[in-house]
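Written below as structure tokens is the structure these notes are about.
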Amino acid sequence: MPASAPLLAPLLAPLLAPLLALWLLALPAGAQTLASFRPERRDWHLNHLTVHQDTGAVYLGAVNRVYKLSGNLTLLVSHDTGPEDDNKACYPPLIVQPCSEPLAPTDNVNKLLLVDSSQKRLLACGSLYQGVCKLLRLDDLFILVEPSHKKEHYLSSVNQTGTMYGVIVPAQGQDATLFIGTAVDGKQDYFPTVSSRKLPRDPESSAMLDYELHTDFVSSLIKIPSDTLALVAHFDIYYVYGFASGAFVYFLTVQPETPENGMSSGGSAGDLFYTSRIVRLCRDDRKFHSYVSLPIGCVKNGVEYRLLQAAYLGKPGRVLAASLHVGAQDDVLFAVFSKGQKQFHRPPDDSALCAFTIRDINARIKERLQSCYQGEGHLELNWLLGKDVQCTKAPVPIDDSFCGLDINQPLGGSQLVSGHTLYTETRDRMTAVISYVYNGYCVAFVGTKSGRLKKVSECD
């Protein structure tokens with residue numbers, strides 16, 4: 001299938017961003033050309049990538065740098081983010097108050113990179129100073145603002161990439177909202193696992209990154225209780241992907257299972273079973289009453305694929321849409337899972353590419369809400385509630401836009417949201433995925449552990 005370089009640039013680049021070099025493959029009329037971009041140092045890995053949908057500019061989040069490239073990977077401008085003197089034990093960070101801990105030059109690992117198209121700016125968050133973010137001007141990466149004076153300005157102290165995700169939800173004529181999910185590395189008092197924050201149009205607004213709502217009784221955030229960390233020492237929630245669709249915001253997570261009997265799990269992180277889950281919130285819900293979390297995965301020939309590796313929200317195209325019984329322009333989630341539930345940190349090579357329609361995900365969530373509001377079963381969110389809490393019967397209509405009440409929330413579940421298995425790989429674990437539609441056919445590109453790029457045609 002012939003394709004032009006401008007078409008493939010935004011499609012292939014997200015698969016290759018975690019590699020040391022970024023490669024662009026173009027296939028004009030059967031000839032192969034190769035362009036590449038490398039950071040200044042080999043150990044300054046490229047961690048995140050986003051492409052401006054209107055201009056085609058490529059933005060890279062790396063160790064100690066943010067880069068802006070043209071569509072053919074020519075460097076246009078770079079912005080230094082580190083290294084800086086820091087110590088992870090300093091909280092609040094030393095930029096707010098003096099710290100008695102010894103300081104040392106510390107790399108700034110990019111953790112989050114999001115284009116705020118409506119305001120022509122880039123949100124770049126790193127690991128320095130407990131996760132301080134910057135808003136950079138899209139044109140030249142000039143610093144518009146670097147909020148750093150409030151507790152909520154620090155988003156994540158974890159250096160590991162792939163544990164944090166953000167979704168910007170614009171609002172017509174109003175300030176946007178930033179939804180953030182992050183691993184907390186045991187610092188649940190400092191960092192909520194998921195929250196929504198203000199993203200004012202004025203970059204110098206004093207409300208920048210404030211919680212949408214924060215009172216003594218209700219807030220737009222959820223924290224991991226200290227009792228859960230005492231029960232499961234290695235408990236954390238890792239945010240692999242996030243997106244907005246319709247009236248909702250979704251996160252895809254991987255997290256350890258918590259014991260139902262209240263006994264300590266003990267052991268090491270390798271002894272834990274992990275569950276991949278999809279979390280949904282109403283985009284306008286400042287009280288987080290709409291929080292629902294269900295397990296997600298797929299099954300092929302009796303083999304369960306439950307360890308999420310990567311995901312991408314796309315369109316199915318005419319052919320796959322007919323197989324999935326949805327419209328060609330409906331949202332479809334493509335996700336890669338590794339086999340089993342046991343080895344999250346060293347997952348098996350046996351992996352599967354699966355497709356989920358957002359319509360089906362919402363239907364499963366609606367069923368769960370309806371059963372709970374009929375008083376059936378429990379809330380099934382042991383890591384947050386610490387115990388089984390009976391669902392309360394409430395005579396309220398649960399329609400497709402239901403956003404929760406101050407009862408039966410937050411809500412979990414144990415019934416698997418199962419996807420349609422499109423492709424399996426047994427020897428070279430799939431680690432990244434992206435898709436697009438060509439002449440009505442869905443085409444998926446998957447990246448593998450060994451650095452290979454595979455094209456899964458027609459997705460049906």
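To the nearest 0.5 Å, atoms CG (D349) and OG1 (T426) are separated by 8.5 Å. Taken to the nearest 0.5 Å, the CG atom of L199 stands 11.5 Å off from the CG atom of D210. To the nearest 0.5 Å, the span separating NZ on K387 from CG on L381 amounts to 13.5 Å. Put simply, CG on L213 and OG on S196 are 8.0 Å apart, with the number rounded to the nearest 0.5 Å. Rounding to the nearest 0.5 Å gives a distance of 11.0 Å between SG of C133 and OH of Y154. Annotation: the span from L272 atom CG to Q255 atom CD amounts to 11.5 Å, rounded to 0.5 Å.
Side-chain contact between T253 and L308 is absent, with no heavy atoms from C-beta onward closer than 4.5 Å. Between W383 and I237, the closest side-chain pair of non-hydrogen atoms falls below 4.5 Å. Side-chain atoms of L178 and L123, non-hydrogen and from C-beta on, do get closer than 4.5 Å to each other. Residues E425 and T448 have side chains not in contact (no heavy-atom distance under 4.5 Å, counting atoms from C-beta outward). Side-chain contact between R306 and T275 is present, with heavy atoms from C-beta onward closer than 4.5 Å. Side-chain contact check for T193 versus T182: every heavy-atom pair is 4.5 Å or farther apart. Side-chain contact between H48 and L60 is absent, with no heavy-atom pair separated by less than 4.5 Å. The shortest side-chain heavy-atom distance between F344 and Y238 falls under the 4.5 Å cut-off.
Side-chain atoms of D428 come within 3.5 Å of backbone N or O of S450 as a donor-acceptor pair. H378 places no side-chain N or O within 3.5 Å of a backbone atom of C372 that could act as its donor or acceptor partner. Checking side-chain atoms of R429 against main-chain N and O of K449 turns up no donor-acceptor pair under 3.5 Å. With hydrogens and angles disregarded, no donor-acceptor distance shorter than 3.5 Å links the side chain of N382 to the backbone of G386. Of the possible polar contacts, one joining the K68 side chain to the L138 backbone as a donor-acceptor pair under 3.5 Å is found. Looking only at distances, a side-chain donor or acceptor of E380 sits under 3.5 Å from a matching main-chain atom of S414. Side-chain atoms of D236 never come within 3.5 Å of backbone atoms of A183 as a donor-acceptor pair (strictly under, hydrogens ignored). Distance alone, capped at 3.5 Å, is enough to place a donor-acceptor pair between the S127 side chain and the V109 backbone. S219 contributes no side-chain N or O that, together with a main-chain N or O of L221, makes up a donor-acceptor pair within less than 3.5 Å. The main-chain N or O of P192 is never found under 3.5 Å from a side-chain atom of S195 such that the two would form a donor-acceptor pair.
Atom NZ of K187 has more than 12 neighbouring heavy atoms from other residues, nucleotides or ligands inside a 6.0 Å radius. Enclosure of atom CD in E376 by more than 12 non-hydrogen atoms of other residues, nucleotides or ligands within 6.0 angstrom is indicated.
Side chain to side chain, N439 and R318 fail the donor-acceptor criterion of an N or O pair below 3.5 Å. Checking S220 against R286 by side-chain atom types alone, no donor-acceptor pair falls below 3.5 Å. A donor-acceptor contact closer than 3.5 angstrom is absent between the side chains of D175 and T177. No hydrogens or angles considered: a donor-acceptor pair under 3.5 Å links the side chains of D350 and Y305. Side-chain polar atoms of Q309 and T431 form no donor-acceptor pair below 3.5 angstrom.
Put simply, the residue from D330, D331, D400 that forms a salt bridge (Lys or Arg N to Asp or Glu O under 4.0 Å) with R359 is D330. Under the side-chain contact (heavy atoms from CB on, under 4.5 Å) test applied with T81, the options V132, V63, V66 reduce to a single match, V66.
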Output, in order, the C-alpha distance, side-chain angles, deciding distance and verdict of side chain to side chain contact (heavy atoms under 4.5 Å, CB included) for L209 and E152.
-> CA-CA 7 Å; L209 297 185; E152 53 263 42; 5.6 Å; no

Starting from the C-alpha separation in whole Å, work towards a yes-or-no answer on ring-ring contact (aromatic ring centres under 6.0 Å, His included) for F179 and F251.
-> CA-CA 9 Å; F179 285 81; F251 285 103; 7.1 Å; no

Apply side chain to side chain contact (heavy atoms under 4.5 Å, CB included) to Y274 and H345, showing your working.
-> CA-CA 10 Å; Y274 287 81; H345 296 285; 3.3 Å; yes

CA sep, side-chain torsions, deciding dist, call: T258, T228, side chain to side chain contact (heavy atoms under 4.5 Å, CB included) | CA-CA 8 Å; T258 52; T228 296; 4.3 Å; yes

Given Y59 and L136, is the side chain to side chain contact (heavy atoms under 4.5 Å, CB included) satisfied, shown in steps?
-> CA-CA 11 Å; Y59 297 90; L136 307 175; over 6 Å; no

Full working for side chain to side chain donor-acceptor pair (under 3.5 Å) between E257 and Q341 = CA-CA 10 Å; E257 292 186 347; Q341 290 183 258; 3.3 Å; yes

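Ring-plane geometry between Y250 and F243 is classed as parallel, the angle between the planes falling under 30 degrees on a 0 to 90 degree scale with a further cut at 60. Ring orientation note: the planes of F402 and Y373 are nearly perpendicular, at an angle over 60° on the 30°/60° scale.
P410 and L384 make their closest contact through CG-CD2, 3.6 Å (heavy atoms, listed as atom of the first residue, atom of the second, distance). Shown here for L113 and G61, the closest heavy-atom pair between the two residues is CD2-N, 3.3 Å. Taking all atoms of both residues into account, the shortest heavy-atom contact from A62 to Y67 is CB-CE1, 3.8 Å. Here the shortest heavy-atom pairing between N108 and G126 reads OD1-CA, 3.2 Å. When all heavy atoms of F337 and C298 are compared, the pair lying nearest together is CD1-SG, 4.2 Å. The minimum heavy-atom distance between K287 and V218, with the atom names listed, is CB-CG2, 3.6 Å.
Stacking of K151 on the aromatic ring of Y190 is not recorded, the 6.0 Å distance cut-off and the 45° axial limit not both being met.
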Can you give the donor-acceptor pairs under 3.5 Å from side chains of residues 164-173 to other protein atoms, not counting sequence neighbours?
none

